[in-house]
Chemist: 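The following block contains the structure, expressed as structure tokens.
Just so you know, these numbers use all the heavy atoms, side chains as well, and skip hydrogens, waters and symmetry mates. Counting starts at 1 for both ligands and their atoms, following the listed order. Residue numbers run from 1 in the order of the sequence given. All of these numbers come straight from a predicted model, not from anything done at the bench.
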Amino acid sequence: MRPPDRSIEQALIGWLPRQRWFAGKGRAITGVEIVTGTDMTGPAEDGPQLRHALVEVRQDGVRDLYQLLLGFRARLPDRLRYAEILALDGMHVYDAAHDPQLTAVLLECLAEQMDLGPLSFRRAPGAVIETGLVSLAGTAEQSNTSLVFGDAYIYKMFRRITPGVNPDLELNLALSERGCRHIPRLYGWAEMTVPGEGEGGEQRATVGMLSEFLRTASDGWQLATTSVRDLYGSDSDLPADQAGGDFAAEAERLGTATASVHRDLAEAFGVREVPAQALRAVAARMTEQLDTACAEVPELAAYAESIRSVYKDLAELGRPVPVQRIHGDYHLGQVMRTDRGWVLLDFEGEPARTLAERQAPAHPLRDVAGMLRSFEYAARFLLAGHHEPAAARGEDAGTTGLLESRAREWADHNRGAFCRGYAEGGGPDPDAHRVLLRAFELDKAVYEVRYEAHNRPTWLHVPLGSLPYLTT
Ligand SMILES: Nc1ncnc2c1ncn2[C@@H]1O[C@H](COP(=O)(O)OP(=O)(O)O)[C@@H](O)[C@H]1O
Ligand SMILES: O=P(O)(O)O[C@H]1O[C@H](CO)[C@@H](O[C@H]2O[C@H](CO)[C@@H](O)[C@H](O)[C@H]2O)[C@H](O)[C@H]1O
């Protein structure tokens with residue numbers, strides 16, 4: 001007999017905060033309710049059973065929806081022990097995302113375009129989906145759970161569910177329709193009916209996306225940081241382009257691929273102009289973010305005046321600027337180099353923003369700024385501890401100065417290459433839009449200061465350490 005929902009809900013209060021993808025960490029959970037439960041396997045005497053669950057989690061008066069795959073087994077094999085949520089009356093309830101015997105059902109549902117209660121599974125136009133592949137749940141630090149099926153597909157199971165079409169699916173669908181070669185091939189998606197705003201309101205929401213698994217790809221962050229290590233380890237007289245492992249040619253091609261995706265997005269969703277006077281509101285929002293960040297991270301205050309003056313330049317730009325759909329959370333961890341060039345992933349936008357904010361059109365140089373910040377991160381993150389006085393680390397000041405200057409050299413060299421590739425690919429030339437680019441880079445750096453303070457305090461020195469450069 002399966003435990004009653006009440007017992008599962010109770011167990012989830014302790015289990016959810018331990019999950020990497022749970023967005024409400026650090027806030028007390030005041031209630032969990034299984035809003036919909038959908039059996040995805042038939043009743044089996046002995047075998048495991050799969051139930052899809054949408055749960056509402058209440059914290060500080062805020063209600064969030066999360067998607068779970070619940071597995072039920074009378075005997076839990078040791079290999080699934082770590083995924084257990086509850087054991088009651090001889091039945092184990094566990095996170096079935098880790099059970100390939102059950103996740104295989106997802107591929108079947110997608111291949112057959114099944115409708116199961118509130119859930120609908122759909123194939124992308126022209127796609128054929130092979131079933132019977134074994135899945136492995138990704139171990140990456142992620143906001144969602146990804147299941148790799150064989151070496152053919154990756155199913156992204158969105159964890160926090162927001163009513164509406166997820167921008168990742170929305171943009172991937174539009175880019176696929178345009179034949180864009182800088183995204184993984186889209187095979188299908190899953191959606192469901194979820195409670196919406198207002199009394200009795202219901203809406204559809206995207207809950208999963210099946211894409212081509214890029215099995216031979218290398219991730220941009222790994223490639224870039226390998227190049228940085230080569231430079232740190234090389235003879236100090238060798239310039240960045242001769243130190244081995246030079247990343248600049250890749251950075252340039254990445255710039256060109258970015259411009260190509262921006263062009264496809266502009267054609268698919270259109271471009272509109274933001275009048276010059278509206279830039280005051282944009283600058284005011286950036287200033288608000290800065291004030292909040294300064295209150296949380298006092299070290300930022302030393303740069304506040306210089307940052308404000310850049311935002312003032314933006315407010316007074318005096319000309320309209322074009323805006324369009326963009327990636328929205330663009331960094332080296334979101335791009336992969338494949339045998340067909342750079343491929344862009346995860347068009348969801350910054351995880352902490354609302355759906356409306358993530359769907360809002362923006363200037364494409366915001367993405368360029370995001371990637372330039374990422375180059376800065378790649379160059380600086382190995383300087384861990386180098387924000388402390390050299391003597392405290394038993395080093396002389398010369399070593400610190402040398403590493404700092406090598407970091408600057410790597411970042412400048414690759415920034416230049418990326419911007420060149422972006423302009424050559426038809427994007428707005430970053431060099432010709434310095435006010436916009438500087439404001440976007442600083443806005444991102446301020447976001448990162450808060451992000452690191454909340455999520456990875458040992459990385460806080462990375463965005464803080466680049467502020468002297470960005471503010472001069
Ligand atoms: N199509 C793909 N092929 C290969 N690996 C992928 C693919 N999509 C995602 N990944 C891997 O999974 C990681 C997380 O994917 P992402 O879409 O960014 O998920 P999340 O929204 O949870 O952060 C990526 O950084 C990449 O390493
Ligand atoms: O990938 P996510 O959508 O979860 O994005 C969030 O986490 C990122 C870190 O994983 C964070 O990115 C920051 O760190 C990266 C190196 O780990 C660096 O390349 C990025 O430039 C930097 O912003 C991202 O900001 C955050 O939204």
Side-chain angles (χ1 to χ4, degrees), residues 19-23 67 97 136-160 166-169 171-172 176 182-187 206 208-225 228 254 327-340 342-353 357-358 366-382 384 411 414-415 418 440-441 443-456 458-464 466:
Q19 306 314 303
R20 164 68 177 95
W21 43 261
F22 183 64
Q67 174 183 211
L136 190 65
T139 51
E141 294 249 313
Q142 279 184 250
S143 6
N144 299 296
T145 298
S146 291
L147 305 176
V148 176
F149 284 94
D151 61 0
Y153 311 118
I154 181 162
Y155 181 74
K156 176 147 138 180
M157 176 183 167
F158 295 108
R159 287 299 194 164
R160 183 140 67 115
N166 187 294
D168 203 6
L169 175 63
L171 268 55
N172 267 286
S176 310
H182 298 292
I183 52 165
R185 177 158 185 208
L186 179 67
Y187 281 91
T206 311
M209 194 168 101
L210 187 72
S211 311
E212 160 197 13
F213 178 63
L214 303 163
R215 57 177 171 271
T216 58
S218 317
D219 141 353
W221 175 257
Q222 296 297 344
L223 288 173
T225 49
V228 175
L254 179 59
H327 182 283
D329 189 19
Y330 202 41
H331 58 79
L332 282 163
Q334 313 276 39
V335 292
M336 298 192 98
R337 195 202 53 194
T338 70
D339 49 10
R340 61 166 194 271
W342 284 99
V343 169
L344 279 54
L345 305 173
D346 198 4
F347 288 80
E348 265 196 280
E350 282 168 7
R353 296 200 189 269
E357 283 168 340
R358 291 186 277 132
R366 263 205 191 268
D367 278 347
V368 170
M371 190 53 78
L372 295 179
R373 292 290 313 137
S374 205
F375 288 177
E376 200 70 24
Y377 258 72
R380 302 193 64 84
F381 96 110
L382 289 172
N414 288 287
R415 271 179 84 92
F418 179 84
F440 293 152
E441 279 188 79
D443 189 43
K444 187 77 188 184
V446 169
Y447 162 86
E448 288 164 347
V449 165
R450 289 189 73 201
Y451 176 86
E452 302 302 357
H454 289 276
N455 296 283
R456 302 184 293 195
T458 55
W459 285 59
L460 182 57
H461 71 94
V462 180
L464 280 178
S466 60

Chemist: Given E452 and Y377, is the side chain to side chain donor-acceptor pair (under 3.5 Å) satisfied, shown in steps?
Modeler: CA-CA 12 Å; E452 302 302 357; Y377 258 72; 2.7 Å; yes

Chemist: Could you say whether the N/O atoms of H331 and ligand 2 ever approach to under 3.5 Å?
Modeler: yes

Chemist: So is A217 close enough to ligand 1, meaning a heavy atom under 4.0 angstrom away?
Modeler: no

Chemist: Does ligand 1 have a heavy atom under 4.0 Å from the side chain of S211, from its backbone, from both, or from neither?
Modeler: neither

Chemist: Would you say E212 and ligand 1 have an N/O pair spaced under 3.5 Å apart?
Modeler: yes

Chemist: Have T145 and R159 got a donor and an acceptor in their side chains that come within less than 3.5 Å?
Modeler: yes

Chemist: With a 4.0 Å cut-off on heavy atoms, is Y447 in contact with ligand 2?
Modeler: yes

Chemist: Of the side chain and backbone of N144, name the one, both, or neither that has a heavy atom under 4.0 Å from an atom of ligand 1.
Modeler: both

Chemist: Decide side chain to side chain contact (heavy atoms under 4.5 Å, CB included) for D168 and F158; before the verdict, give the C-alpha distance in whole Å, the side-chain angles of both, and the deciding distance to 0.1 Å.
Modeler: CA-CA 10 Å; D168 203 6; F158 295 108; 4.1 Å; yes

Chemist: Quick one: which ligand 1 atoms are inside 4.0 Å of a heavy atom on G333?
Modeler: 25 (O)

Chemist: Output the list of atoms in ligand 1 that are nearer than 4.0 Å to some heavy atom of P184, sorted by atom number.
Modeler: 1 (N)

Chemist: Using a plain distance cutoff, I'd like to know if S146 has any nitrogen or oxygen under 3.5 Å from a nitrogen or oxygen of ligand 1.
Modeler: no

Chemist: I'd like to know if D443 and R366 make a salt bridge, using a cut-off of under 4.0 Å between side-chain N and carboxylate O.
Modeler: yes

Chemist: Passes salt bridge (Lys or Arg N to Asp or Glu O under 4.0 Å), R160 versus E348? Steps please.
Modeler: CA-CA 12 Å; R160 183 140 67 115; E348 265 196 280; over 6 Å; no

Chemist: Identify whether the distance between the nearest side-chain nitrogen and carboxylate oxygen of E212 and R340 falls below 4.0 Å.
Modeler: yes

Chemist: Within a distance under 4.0 Å of any heavy atom of Q334, pick out the atoms of ligand 1 and give their elements.
Modeler: 18 (O)

Chemist: Between ligand 2 and M371, can you find any atom pair, the residue atom being a heavy atom, that is separated by under 4.0 Å?
Modeler: no

Chemist: Going by the atom numbers of ligand 2, which of them fall below 4.0 Å from some non-hydrogen atom of E448?
Modeler: 21 (O), 22 (C), 23 (O)

Chemist: Heavy-atom distance to atom 3 (N) of ligand 1: which of D329, L210, L214 wins?
Modeler: L214

Chemist: Does any N or O atom in D329 lie less than 3.5 angstrom from one in ligand 2, N or O only?
Modeler: yes

Chemist: Could you tell me whether ligand 2 has any atom less than 4.0 Å away from a heavy atom of R456?
Modeler: yes

Chemist: Would you say D168 and ligand 1 have an N/O pair spaced under 3.5 Å apart?
Modeler: no

Chemist: For atom 15 (C) of ligand 2, tell me which residue out of W21, Y377, Y330, F381 has the closest non-hydrogen atom.
Modeler: Y377

Chemist: Taking 4.0 angstrom as the limit and counting only heavy atoms of E348, give me the atoms of ligand 1 inside it, by number and element.
Modeler: 21 (O)

Chemist: Do NZ/NE/NH1/NH2 and the carboxylate oxygens of R358 and E350 come within less than 4.0 Å?
Modeler: no

Chemist: Taking 4.0 angstrom as the limit and counting only heavy atoms of Q334, give me the atoms of ligand 2 inside it, by number and element.
Modeler: 1 (O), 3 (O)

Chemist: If the contact criterion is a heavy-atom separation under 4.0 Å, does R215 count as touching ligand 1?
Modeler: no

Chemist: W221 and F381: side chain to side chain contact (heavy atoms under 4.5 Å, CB included), yes or no, with the steps?
Modeler: CA-CA 11 Å; W221 175 257; F381 96 110; 4.0 Å; yes

Chemist: Name the option, out of Y451, W459, W221, that contains the heavy atom nearest to atom 8 (C) of ligand 2.
Modeler: Y451

Chemist: When you compare ligand 2 with K444, is there at least one nitrogen or oxygen pair between them that comes in under 3.5 angstrom?
Modeler: no

Chemist: With the threshold set at 4.0 Å, does a side-chain nitrogen-carboxylate oxygen contact exist between K444 and D367?
Modeler: no

Chemist: Mark yes or no: R185 above the aromatic ring of Y187, with NZ or CZ under 6.0 Å from the six-membered ring centre and no more than 45 degrees from the axis.
Modeler: yes

Chemist: Mind checking the CG-OG spacing from L345 to S146? Nearest 0.5 Å is all I need.
Modeler: 9.5 Å

Chemist: For D219 and ligand 1, does the shortest N/O to N/O distance drop below 3.5 Å?
Modeler: no

